[in-house]
Number of protein chains: 2
Amino acid sequence: MHISTKTGYAVRALAELAAHGQDSPISVAQICERQTLPPKYIEQLFRKLKKKGIISSVHGAHGGYKLERPNKDISLKDIMAAVDENFNYTYCDTEKETLEYCCGDPCGFSIMWVEIKEHLDNYFSSITLDTILEKIEENA
Amino acid sequence: MHISTKTGYAVRALAELAAHGQDSPISVAQICERQTLPPKYIEQLFRKLKKKGIISSVHGAHGGYKLERPNKDISLKDIMAAVDENFNYTYCDTEKETLEYCCGDPCGFSIMWVEIKEHLDNYFSSITLDTILEKIEENA
DNA sequence: GGATAACATAGTATTTTAGTAGGAATTGAC
DNA sequence: GTCAATTCCTACTAAAATACTATGTTATCC
């Protein structure tokens with residue numbers, strides 16, 4: 001149980017987009033210079049974020065990325081779900097059948113895992129890019 | 001962000017101890033037979049749990065393990081912290097210096113990560129073996 | 001046409017995960 | 001005192017995930 005580097009990087013990169021505003025795009029190169037991030041890696045994360053409809057891209061010179069939704073409508077949960085493929089797994093997920101010693105789903109524990117998943121989903125949904133920006137400014 | 005297999009296994013095994021009561025120990029073999037768990041792996045997890053003072057052991061024949069504290073005083077957070085070494089890490093942890101592209105700790109984001117860590121700590125502390133047993137019985 | 005970007009795929013070194021294997025040390029029962 | 005049951009300990013391992021880098025191709029603006 002931990003926040004992945006992918007999620008951390010994505011939050012930092014998207015915060016840069018959020019601070020910039022939705023009008024004009026910024027390039028990955030610019031973002032990575034400002035936030036000290038590995039450009040090729042961020043490119044990959046951004047393609048995932050695009051697939052999920054969180055950001056959009058402008059091709060070619062003076063192109064780049066911008067947010068598809070206002071800051072308040074992009075949550076940490078959205079970011080995690082887009083970037084970190086292990087997110088959404090609780091222990092004992094029916095769809096994850098690689099586990100050899102599962103208790104058999106549904107079992108007595110299933111309800112608990114589902115409740116935990118729901119709690120985490122709610123919590124991470126409540127943290128959005130606008131509240132993240134507020135915290136950064138308070139801390140600056 | 002996900003519940004590790006280690007945590008899931010440990011919860012299932014400890015629930016068996018909790019259901020049994022603190023009077024007499026149960027062996028890993030018994031627990032693993034009842035819960036369908038890999039004995040050698042559970043042995044390792046139990047040694048970690050013992051180091052953290054969550055369970056105690058009785059050597060030799062008719063030996064085994066039992067809980068060191070009442071069910072209500074053993075939380076999911078305790079279990080995770082004992083068994084899953086990546087627990088307690090937030091992104092941008094000062095003690096984890098392997099990260100190449102860290103934002104530099106403390107940075108504008110630090111407060112947010114700490115708040116998330118505190119929330120998760122509180123939440124997982126509120127889930128204890130007695131509430132877990134209750135849910136299993138409701139579901140049975 | 002050239003510079004600037006996103007897009008795409010593949011490779012890679014390191015670490016983590018989810019176990020197994022084999023044996024040593026300790027205790028209870030007979 | 002021996003034997004069986006059990007914890008304890010270390011090491012090994014196959015597969016996956018992690019955190020990247022490398023090498024292009026394609027689209028757009030000037």
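Order of the sequence lines sets the chain letters (A, B, ...), proteins ahead of strands, with each chain counted from 1. The basis for the numbers below is simple: all heavy atoms, side chains too, and nothing from hydrogens, waters or symmetry mates.
The salt bridge (charged side-chain N to carboxylate O under 4.0 Å, His left out) test applied to D84(A) returns no partner, not counting sequence neighbours. For the ring-ring contact (aromatic ring centres under 6.0 Å, His included) test, residues two or more places apart in sequence or in another chain that qualify with H119(A) are H119(B), Y123(B).
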I'd like a table of donor-acceptor pairs (distance under 3.5 Å, sequence neighbours excluded) in which one partner is a side-chain atom from residues 37-55 of chain A, with atom names and distances.
{"unit_1": "K48(A)", "atom_1": "NZ", "unit_2": "E85(A)", "atom_2": "OE1", "d": "2.9"}
{"unit_1": "K50(A)", "atom_1": "NZ", "unit_2": "S57(A)", "atom_2": "OG", "d": "3.0"}

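Applying a 4.0 Å cut-off to non-hydrogen atoms, none of the residues of residues 13-23 of chain B approaches DNA chain C. Taking a 4.0 Å limit (strictly below) on heavy-atom distances, residues 45-57 of chain A reaches DNA chain C at R47(A), K50(A), S57(A).
Using a 4.0 Å cut-off between charged side-chain N and carboxylate O, D23(B) and K66(B) make no salt bridge.
When the nucleotides dA10(C), dT20(C), dT17(C) are ranked by their closest atom to the side chain of N86(B), dT17(C) comes out on top. In this structure, of dG19(C), dA6(C), dA19(D), it is dA6(C) that holds the atom nearest to the side chain of Y65(A).
Judged by distance alone, with hydrogens and angles left aside, E43(A) brings a side-chain donor or acceptor within reach of the base of dC7(C), the pair sitting under 3.5 Å. Side-chain atoms of Q44(B) and base atoms of dT20(C) include a donor and an acceptor less than 3.5 Å apart. One cannot find a donor-acceptor pair under 3.5 Å joining the base of dG11(C) and the side-chain atoms of K40(A).
OP1 or OP2 of dT17(C) has not a single side-chain nitrogen or oxygen of T5(B) nearer than 4.0 Å.
Taking atom OH on Y41(B) and atom P on dT10(D), their separation rounds to 18 Å, with Å as the unit. E85(A) places its CD atom 6 Å from the P atom of dT18(D), with the value rounded to the nearest Å. A straight line from CD1 of I26(A) to C1' of dA6(C) spans 15 Å, rounded to a whole angstrom. In this structure, K6(A) places its NZ atom 9 Å from P of dA17(D), rounding to the nearest Å. Between K66(A) atom NZ and dA5(C) atom P there is a gap of 16 Å when expressed in whole angstrom units. Regarding E33(B), its CD atom lies at a distance of 11 Å from the P atom of dT6(D), rounded to whole Å.
Around atom CD of Q22(B), more than 12 heavy atoms belonging to other residues, nucleotides or ligands sit under 6.0 Å away. Around atom CD of E33(B), no more than 12 heavy atoms belonging to other residues, nucleotides or ligands sit under 6.0 Å away.
Residues A15(B) and I136(B) come closest through the heavy atom pair CB-CD1, 4.4 Å.
Inter-residue side-chain proximity for L76(A) and T128(A) is flagged as unmet; no heavy-atom pair is nearer than 4.5 Å.
Note that CZ of R69(A) is 5.5 Å distant from CD1 of I74(A), once rounded to the nearest 0.5 Å.
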Check nucleotides 27-30 of chain C against the protein and report each pair of N or O atoms closer than 3.5 Å, with its distance, or say if there are none.
{"unit_1": "dT27(C)", "atom_1": "O2", "unit_2": "A61(B)", "atom_2": "N", "d": "3.2"}

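Donor-acceptor pairing under 3.5 Å is recorded for the side chains of S75(A) and D78(A).
Checked by atom type and distance alone, the side chain of T7(B) never pairs as donor or acceptor with a backbone atom of I3(B) at under 3.5 Å. Although no hydrogens or angles enter the test, the distance criterion places a donor-acceptor pair under 3.5 Å between the side chain of S125(B) and the main chain of D121(B).
Residues Q30(A) and S4(B) both approach DNA chain C. Their nearest nucleotides, taken by heavy-atom distance, put Q30(A) toward the 5′ side.
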